[in-house]
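First the structure, in the form of structure tokens, and then the observations on it.
Naming: A, B, ... by sequence-line order, numbering from 1 per chain.
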Number of protein chains: 2
Amino acid sequence: MENIRELFQVMTRRFGLLNKNCCSIDPIDISLAQSHILYEIDKHHSPSMQQIADILAMDITTFSRQIQNLVKMGLVKKEPSPEDRRVYTLSLTTQGKFIATTIDREINQYLAEVFSRMTEFEKETVIRSIKLLNECMAKSSVCCKPLF
Amino acid sequence: MENIRELFQVMTRRFGLLNKNCCSIDPIDISLAQSHILYEIDKHHSPSMQQIADILAMDITTFSRQIQNLVKMGLVKKEPSPEDRRVYTLSLTTQGKFIATTIDREINQYLAEVFSRMTEFEKETVIRSIKLLNECMAKSSVCCKPLF
DNA sequence: ACAAATATTTGTATTTTGCAAATAAAATAA
DNA sequence: TTATTTTATTTGCAAAATACAAATATTTGT
């Protein structure tokens with residue numbers, strides 16, 4: 001059996017690189033961290049700051065400042081929550097949504113190209129494998145706070 | 001078919017977290033970037049600075065300074081190459097090797113624990129899937145300089 | 001021998017990071 | 001209900017990471 005960590009290392013490095021390279025949309029450049037933030041805000045419905053910071057395992061103070069930047073850039077909207085006045089609710093502006101969508105399209109395009117080199121069966125197998133992996137990782141208790 | 005990017009995002013985030021959490025060995029704390037550097041130096045035979053910086057897609061000036069730190073910490077040895085006097089050759093000190101090995105053991109331990117939740121057949125399938133994925137990503141030309 | 005290319009370092013300025021502390025609101029306890 | 005504790009977020013601050021431009025040294029190509 002080959003070195004499993006090495007396989008993961010290569011795979012995640014490549015995917016990380018892909019994410020990074022998809023951070024330039026037209027005249028706008030965002031950082032990898034910002035791209036992840038947009039992605040998660042887009043995915044959730046009116047999440048709070050703490051919620052997204054937790055998901056990204058990001059220090060809340062760093063996150064707070066990144067959100068300030070994204071608001072200044074006009075990509076994120078931050079509104080006080082009506083229910084709990086400690087909480088701020090996040091959402092994407094039209095511009096932010098556009099960026100997030102464009103990045104998403106590019107990444108999925110690349111992935112589609114990669115999968116086009118496989119047979120349909122292989123593709124199904126690989127996808128099922130990643131799902132299984134994610135499920136097993138989620139169950140594991142050995143490591144990796146913050147868990148989510 | 002579900003969202004493929006999301007599957008990757010979750011998987012790589014988890015693995016990234018694992019890597020990060022395995023950066024503390026006893027009294028020594030290294031950064032994630034430094035952990036990756038140690039890993040790659042360990043993997044190659046007397047690599048040059050440029051070589052490792054390329055593999056990690058790291059700016060060479062940032063890399064140079066990180067190596068300076070690792071040398072100061074006593075984890076990396078940097079020697080002028082006999083063949084080409086522009087080049088410096090990198091290797092791990094005993095201490096550095098120890099750190100790298102310990103990190104490697106911890107990560108593989110976690111992965112083993114994750115795989116222990118699968119049948120032998122599933123495990124084989126997942127590993128073969130990741131390998132296939134890596135091969136197909138390597139072939140792809142659409143995206144992702146720096147390629148390696 | 002000379003120009004161009006390669007490997008590495010330093011100057012410098014910007015950005016990111018994260019701990020400690022502050023603020024404000026909500027939840028819980030007395 | 002008032003006091004205390006907890007939770008969400010921001011700011012101060014100092015250290016670390018980042019990257020572009022320029023410098024240095026060496027090698028390669030002509």
The side-chain hydrogen bond (donor to acceptor under 3.5 Å, both in side chains) partners of A:Ser129 (sequence neighbours excluded) come to B:Ser129
Inset, instruction - Using a cut-off of 6.0 Å, state whether more than 12 heavy atoms not belonging to B:Phe98 lie near its atom CZ. - result: no
Would you mind reading off the distance between [X] atom [atom1] and [N] atom [atom2], rounded to a whole angstrom?
| X | N | atom1 | atom2 | answer |
| --- | --- | --- | --- | --- |
| A:Gln51 | D:dT7 | CD | P | 16 Å |
| B:Leu32 | D:dA16 | CG | P | 17 Å |
| B:Phe63 | D:dC20 | CZ | P | 17 Å |
| A:Lys78 | D:dT9 | NZ | C1' | 8 Å |
| B:Leu90 | C:dT8 | CG | C1' | 11 Å |
| B:Ile52 | C:dA7 | CD1 | P | 13 Å |
| B:Gln50 | D:dT26 | CD | P | 18 Å |

| Test item: side-chain donor near acceptor, B:Glu6 and A:Tyr39, under 3.5 Å | yes
In a table with atom names and distances, give each donor-acceptor pair under 3.5 Å that connects a side chain of residues 74-81 of chain B to protein atoms at least two apart or in another chain.
{"from": "B:Ser81", "atom 1": "OG", "to": "B:Glu83", "atom 2": "N", "distance (Å)": "3.2"}
{"from": "B:Ser81", "atom 1": "OG", "to": "B:Asp84", "atom 2": "N", "distance (Å)": "3.3"}

For B:Leu133 and A:Met11 the tightest heavy-atom approach is CD2-SD, 3.8 Å
dist B:Thr12:OG1 -> A:Leu18:CG (nearest 0.5 Å) comes out at 10.0 Å
So SG of B:Cys136 and CG of A:Leu111: to nearest 0.5 Å the spacing works out to 11.5 Å
- [ ] Answer yes or no: does a side-chain N or O of B:Gln68 lie under 4.0 Å from OP1 or OP2 of C:dT8?
- [x] no
Phosphate OP1/OP2 of D:dT10 contacted by A:Ser64 side-chain N/O (<4.0 Å): yes
Can you name the side-chain contact (heavy atoms from CB on, under 4.5 Å) partners of [X], sequence neighbours left out?
| X | value |
| --- | --- |
| A:Gln109 | A:Arg105 |
| A:Ala112 | none |
| B:Glu40 | A:Arg13, B:Lys43, B:His44, B:Ile52, B:Ile55, B:Leu56 |

Within residues 41-49 of chain A, the residues having a heavy atom closer than 4.0 Å to DNA chain D are A:Ser48, A:Met49
Could you pull out the protein-nucleic contacts involving nucleotides 28-30 of chain D (nitrogen or oxygen on both sides, under 3.5 Å)?
none

A correct 5'-to-3' footprint of nucleotides 12-21 of chain C, with B, S and - meaning base, sugar-phosphate only and no protein heavy atom under 4.0 Å, is B---SSBBB-
**Request:** Would you mind reporting whether A:Met73 and A:Ile30 have side-chain heavy atoms less than 4.5 Å apart?
**Result:** yes
Residue pairs meeting side-chain hydrogen bond (donor to acceptor under 3.5 Å, both in side chains), one or both in residues 88-102 of chain A, sequence neighbours left out, come to A:Asp42-A:Lys97
Those residues at least two apart in sequence (or on a different chain) that pass salt bridge (charged side-chain N to carboxylate O under 4.0 Å, His left out) with A:Arg128 are none
For A:Arg117, the salt bridge (charged side-chain N to carboxylate O under 4.0 Å, His left out) test, sequence neighbours excluded, returns A:Glu113
If each end axis of the helix from C:dA1-D:dT30 to C:dA30-D:dT1 is fitted on five C1' pair positions, the angle between them, to 10 degrees, is 30°
